[in-house]
Amino acid sequence: MRIKDILSPESMIMDLKATDKEAAINEMADLEVATGIVNNKEEFVKSIWARENESTTGVGEGIAMPHARNKSINKARVLFAKSEKGIDFNSLDGQPVHLFFMITAPDGADNTHLQALAKLSGLLVNPDLIAKLKAATKPEEIIDIFTKAEEAKDAEEKAAAEKAAAKKEAAKEASDKPLIVGVTACINGIAHTYMAEQALIKAGEKLGAEVRIETNGSEGVKHELTADEIKRAKGVIIASDKKVKMARFDGKELIAGPVVDGINKPEELVKDILAGKGSVYHDSGNGEEASEAKASGWHAVYQQLMNGISHMLPFVIGGGILMAISFLVEQYMGGSKTEAFVFLNNAGNMAFAFMVPVLAAYIAEAIGDAPALMPGFVGGFMATVYKGSFGGAYVASVNHSANSAAGFLGGIAAGFIAGYIVVGLKKLFKGLPKSVEGMKPMLLYPIFGLLFVALIMYFIINPIFGALNGAITAFLNHLGTGNLVLLTAILAGMMSIDMGGPFNKAAYVFASGAFANDPNSKTAAILMAAVMVGGMVAPFATAIASAFFKNKFTDEERKAGITNWILGFSFITEGAIPFAAADPSRVIPSSVIGSAVAGALVGFLHVGVPAPHGGFWVFPLATNIPGYFLAVIIGSIVAAIILGFWKKPVNK
């Protein structure tokens, strides 16, 4: 629709008689009614004033554009009126109004009308056009002025569009697509890391950008970003739950978040980088590695804790499985005197001995960087014993007044305390002369960091957490069957709430912490079995449902379902994430219910798995092998049936 289609000689007042704003609105409204544009003057004038009371439509430069859109209007139209003397219309610039454009649009006005109105408004910024309108004396001249201005504007826009297209094509031929670089990393480094990588790459392809992702997974850093790639990149995406090297991104636009953001909203992240919505990252410049993102609040605490857990997990898994194998050797191959048992048990115990110190050290390092590593490690070690003889040469008391170690919880506390002590020391020593700058990491941080951490652990943390740890251990070891079933159901259900996220990790950390405190505890082995079966149900359930309810899943989902048989067998919960991301309201509740059923069966049947990982690969270690399989099978079938009947066919 052209502007001339919403202008009409009959809707023009070339010499407005009114001398004030109210009279001007009424005079124009009378003509709107007389020409059949408006069917109810009272309602129309009321809506015009409602808009004026919000803010004046006197836009300045001698122009006013009163407007309304409601059911009292029959037709889209622009009424033009001129006042030779000018009228006080409370304009933004305080000047009198000479040209009026009363815009009317009915409730059902289509986009073509609205586009024409918008185009007319855009033309009024041209001072030459305004001068011509003021000089015009006939309605036909007004229409002719706008027609020519519109044609000139259209030609100008067409030329600009052609020029932009040619420039874009030339730029496309001369250079590659915009480059976005990023890093993905999760705690286990098994699934989330690589799923986020692929999701971001696919989002980039869809949005016309090249995406290069460095993965920090279980096998270490892969596809490491080069300095040239970072330099050329338009921006950086960090989708990580643990620490990554950040100094190299100094001066780049950056968006950071948890690894699940890379899986669940990759297009949003890529779009934000392309739109320049990232924040410019500035390295601290002190030669120390920065953490993955300047997080705050509970998200920062979660990231720091996860940094410790990610470094601890290899000690838990490797040590735990070797110890579990040693128990099999003890039971079936000659008892505790055999060399095989002694060797395997000692190797597993050695790894376990480092578990809490490593946890504390890397929590501390995530907070205070490298200077916090040593005091965190020592604090974590102090949490593992209350008195001990180390290497036969040294005897140390590391607890002021307790009869048990502070354990896993004390180690977590040690990590946070060490990290924030070092942060405080950095601030305290910030004003020292530059001549002694080298003393800080080599002398001041180690001495004072260790001193303060040791004092706090010895006199405060170890006594308090030693008593708490003892109470928790006693509580777990004396749980009745009813309470045990409830606890195992909750832990198993949590494993499927976010499938590798904070709830999943909280359940796993609780069970592995109990297992670390007492690897010989039957209850701890049952808790480990509960989180294991809970984490296996979701991938198994999606595999079963996609196989037996084929019309409820896409071809791509059915292919993923085949892979989930292996992932479920291996206790890799993350295999169910693509299903959960596509249909969270059905997949997650179904999986949680199935996992909770499996966990309850573990508690009821007293199924223990004295190994912290492995899924069905470690089934020989289970104390109740049939019960172990039964719990997973029943829980998976329950979840699959709920999901299969709940989901709608894909063609609906």
Side-chain angles (χ1 to χ4, degrees), residues 186-191 217-220 308-336 338-359 384 407-408 411 488 491-492 495 500 504-505 507-536 539 566-575 602 606-629 631-632:
C186 64
I187 303 309
N188 289 332
I190 297 172
S218 56
E219 296 181 357
I309 290 173
S310 67
H311 286 87
M312 176 200 76
L313 281 177
F315 293 86
V316 178
I317 295 168
I321 290 179
L322 284 186
M323 288 175 65
I325 293 173
S326 75
F327 299 147
L328 284 179
V329 171
E330 179 186 25
Q331 186 174 354
Y332 299 110
M333 298 175 62
S336 60
T338 62
E339 189 171 2
F341 168 79
V342 173
F343 169 75
L344 290 169
N345 194 263
N346 283 344
N349 271 300
M350 286 290 183
F352 257 52
F354 285 101
M355 190 187 80
V356 174
V358 167
L359 169 70
T384 62
F408 195 78
T488 53
L491 289 175
M495 294 297 289
N504 176 287
K505 289 297 184 291
Y508 185 81
V509 166
F510 179 84
S512 59
F515 185 58
N517 284 336
D518 187 1
N520 298 310
S521 167
K522 292 181 180 179
T523 303
I526 292 173
L527 299 184
M528 285 307 313
V531 297
M532 195 101 75
V533 301
M536 295 163 70
I566 299 172
L567 297 179
F569 198 94
S570 306
F571 179 40
I572 299 176
T573 316
E574 289 86 346
V602 164
H606 287 78
V607 177
V609 180
H613 215 287
F616 279 152
W617 298 108
V618 296
F619 80 87
L621 307 177
T623 57
N624 180 349
I625 294 175
Y628 185 33
F629 279 98
V632 176

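Between atom OH of residue Y508 and atom NE2 of residue H613 there is a gap of 5.5 Å, rounded to the nearest 0.5 Å. In this structure, CD1 on I325 lies 12.0 Å from CE on M323, to the nearest 0.5 angstrom. The CG atom of L322 sits 12.0 Å away from atom CD1 of I317, with the distance rounded to the nearest 0.5 Å. Atoms OG1 and NE2, on T488 and H606 in that order, are 9.0 Å from each other to the nearest 0.5 Å. A distance of 10.0 Å separates CG of L328 from CG of L344, quoted to the nearest 0.5 Å.
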Run F315 and L313 through side chain to side chain contact (heavy atoms under 4.5 Å, CB included) and show every step you take. CA-CA 5 Å; F315 293 86; L313 281 177; over 6 Å; no
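Minimum interatomic distance between V607 and G627 (heavy atoms only, all atoms of both residues): CG2-C, 3.6 Å. The two residues V356 and G411 make their nearest non-hydrogen contact at CG1-CA, 3.6 Å. Nearest heavy-atom pair across P612 and G320 is CD-CA, 3.7 Å. Considering all non-hydrogen atoms of both residues, A611 and L621 come closest at CB-CD1, 3.8 Å.
A distance below 6.0 Å separates the ring centres of F352 and F515.
Relative orientation of the F629 and F616 rings is parallel, given thresholds of 30° and 60° on the angle between their planes.
Applying the side chain to side chain donor-acceptor pair (under 3.5 Å) test to residues at least two apart or on different chains, the pairs with a partner in residues 614-629 are S570-W617. Pairs passing the side chain to side chain donor-acceptor pair (under 3.5 Å) check and including a residue from residues 341-352, sequence neighbours excluded, read S326-N345, N345-N349.
Remark: F343 pairs with no residue by the side-chain contact (heavy atoms from CB on, under 4.5 Å) rule, at least two apart or across chains. For the ring pair (Phe, Tyr, Trp, His ring centres under 6.0 Å) test, no residue two or more places apart in sequence or in another chain qualifies with F408. Residues passing the side-chain contact (heavy atoms from CB on, under 4.5 Å) test with A351, sequence neighbours excluded: none.
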Got a list of side-chain donor-acceptor pairs under 3.5 Å for residues 523-535, not counting sequence neighbours?
unit_1: T523; atom_1: OG1; unit_2: L476; atom_2: O; d: 3.1

